[in-house]
Amino acid sequence: MPKIKLPTKSPRIDMTPMVDTFAVVLTFLMLTTTMRQPEPATVETPFSISEKPTPDFNTMTFLLSPDDKIFINFDNGPDTAYKFRPKVLTAMGNRYGIEFTEEELREFEKYPSSIGLPIQKMKEFLGTRENTVRNALQTGIPVDSTDNQLAMWILYIRQENPNVQASIKGDTKTGFPIVKKTLDILQERNVHRFNLVTSLEATKINLDEIQQQ
Amino acid sequence: MAEIIVEEKGKGGRKKPKKLAPHIDMTPMVDLMCLLITFFMLTTAFSKAKIMEIVLPEKLQNPQEAPKIVASRTVNIILGPENKVYTYPGTVKPEEYSAVPPILPPLRETDFSATGIRQLLLERNRTLAKRIQDFTNDVLSGKIAISQDSMQGAIRKLKSDDDTGPIVLIKAYKLANYGNFVDILDEMNICGIARYTFVDIAWYEERMVEREAGITPGTTTGSTN
């Protein structure tokens, strides 16, 4: 009887194809993913049954934090071919007598998140790269009747991009007066259609049960 | 890719025993990649937030031009403090609220649970809600072949043809929060209310809420008596 000689080498699994596939998938995911931008204020959005996804471009988002600050974010999607952030800031600067340098405009264009500070502090904000300093400057956009900078932002954003859609992203605990204020300012500027940013939560109703009661 | 082949030195030195090409252990690399893939998949899939559309009526320059609505179909919903919801039917006539003391209708207190405001709305909106539900069920079970887009259109048509459901006026007291606002609009969608809008709260309605919730008029802190 012939003797079968077993190989003494320990069996090795060739992981090469697996690694190859993983690398491809990883590359794909890394390229397609849009990273969630860190917001200056943590906001827990309320739940709704709406399944409509947020639009990717032509948006201006009003972030209403629980401590009643207003932040604004615009032109921040994959569609940044039409870059109007610097134009809006230039227009804002002209309105308030502040001249922004080329460098500051570029910095503003690159800033990935919402901004919420008086325009007078903008130079200081764009001049620093320290996140702690930046966060300290984010005190919310002034909305007083005497100094309504939010209305100005809306005006210039809509001048530069008339197709912009207004979204409101508020925290569940945000007080109603600040929401009302934002809605009022938008309505004064003839914006009547809003998108409220929510998280999905499925709900089913039982009509028969209601009828029995 | 998995092996690095080392060329053996041919000349010089003593002849060493033949070595196997060194294998690189790829397990940690695979582990790391697995982790990264999981991370990216989770962040991409769930970062997309949803939106709810709302259209508000234009601000009228002249309050006299306000559209007349049937009082018997009107339901007023007032968002109160501490996640409470108050409702009252119909309208308050000018001679009632300007009387001294004002004659104000009683408020019905309810909440955001399924047996609260939802039941109240569904009772009023039963015919339309039933019609929408039947239609949706027919579409889902394949009785009616219709595309998703035309389904939305058909539901809109059902809503605009309806003339029995309530006309809901949503108002918010100053101590309400944004979550309440989204919740009530969500209830409108859940119950299939055809006609609803968000309007400013009137001063007498604020008084009514304050009377009901036991808040001293004028205070903004919401402290109870």
Side-chain angles (χ1 to χ4, degrees), chain A residues 9 12 14-16 18-20 22-23 25-26 29-30 32-36 44-55 64 66 167-180 183-184 186-188 190 192-201 203 205-207 210-211 213, chain B residues 1-3 20 23 25-27 29-30 32-34 36-37 39-41 43-44 46-59 79 114-115 118-119 121-123 126 129-130 133-134 172-183 185-187 189-192 198 200-201 220:
Chain A
K9 259 202 316 187
R12 237 175 231 282
D14 187 11
M15 287 199 197
T16 323
M18 183 172 161
V19 171
D20 288 356
F22 272 22
V25 174
L26 195 59
L29 285 173
M30 274 171 88
T32 51
T33 188
T34 45
M35 289 300 280
R36 220 182 304 187
E44 248 177 69
T45 51
F47 293 99
S48 84
I49 56 159
S50 178
E51 287 176 20
K52 250 184 115 176
T54 33
L64 310 175
S167 305
I168 293 175
K169 189 176 180 182
D171 190 279
T172 315
K173 300 226 160 27
T174 305
F176 199 76
I178 197 81
V179 181
K180 181 90 187 76
L183 291 177
D184 280 346
L186 279 162
Q187 282 199 294
E188 276 163 28
N190 285 324
H192 298 293
R193 188 179 282 273
F194 309 99
N195 298 325
L196 306 178
V197 179
T198 57
S199 313
L200 182 64
E201 179 192 54
T203 312
I205 53 166
N206 195 343
L207 272 179
I210 295 289
Q211 274 163 333
Q213 280 166 348
Chain B
M1 194 176 169
E3 296 171 25
L20 281 169
H23 276 268
D25 187 14
M26 285 205 205
T27 326
M29 180 173 163
V30 171
L32 197 75
M33 276 176 139
C34 253
L36 280 174
I37 286 176
F39 168 76
F40 276 107
M41 275 170 90
T43 46
T44 41
F46 296 116
S47 67
K48 199 84 182 152
K50 305 290 177 206
I51 53 160
M52 184 163 71
E53 275 191 333
I54 173 181
V55 181
L56 295 185
E58 272 181 51
K59 287 247 153 93
L79 307 171
T115 50
R118 188 174 304 163
Q119 189 176 348
L121 286 169
L122 281 174
E123 273 168 16
R126 192 176 299 163
K130 188 93 189 114
Q133 200 182 43
D134 288 349
Y173 185 66
K174 57 193 172 211
L175 293 178
N177 62 34
Y178 177 72
N180 300 147
F181 180 57
V182 172
D183 280 349
L185 293 174
D186 197 31
E187 288 300 327
N189 291 333
I190 294 171
C191 302
F198 176 74
D200 290 351
I201 190 165
T220 47

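Lettering follows sequence order; numbering is per chain, from 1. Just so it is clear, the model here is predicted, and its values are computed rather than measured.
Heavy atoms of L79(B) lying under 4.5 Å from chain A are absent altogether. Interface residue L183(A): only side-chain heavy atoms are found under 4.5 Å from chain B. Using a 4.5 Å cut-off between heavy atoms, K173(A) touches chain B through its backbone atoms (N, CA, C, O) alone. Within the 4.5 angstrom heavy-atom criterion, atoms from both the backbone and the side chain of V197(A) approach chain B.
T16(A) OG1 to M26(B) CE: the interatomic distance, rounded to the nearest 0.5 Å, is 5.0 Å. F181(B) CZ to D186(B) CG: the interatomic distance, rounded to the nearest 0.5 Å, is 12.0 Å.
Side-chain contact between F176(A) and I201(B) is absent, with no heavy-atom pair separated by less than 4.5 Å.
The two residues S199(A) and T45(A) make their nearest non-hydrogen contact at OG-OG1, 2.8 Å. Across C34(B) and F22(A), no two heavy atoms sit closer than the pair SG-CE2, 3.2 Å.
With chain B as the partner, the residue from M18(A), K169(A), R193(A) showing the most heavy-atom pairs under 4.5 Å is R193(A). Listed options V30(B), V182(B), I37(B) were ranked by heavy-atom pairs under 4.5 angstrom with chain A; first place goes to I37(B).
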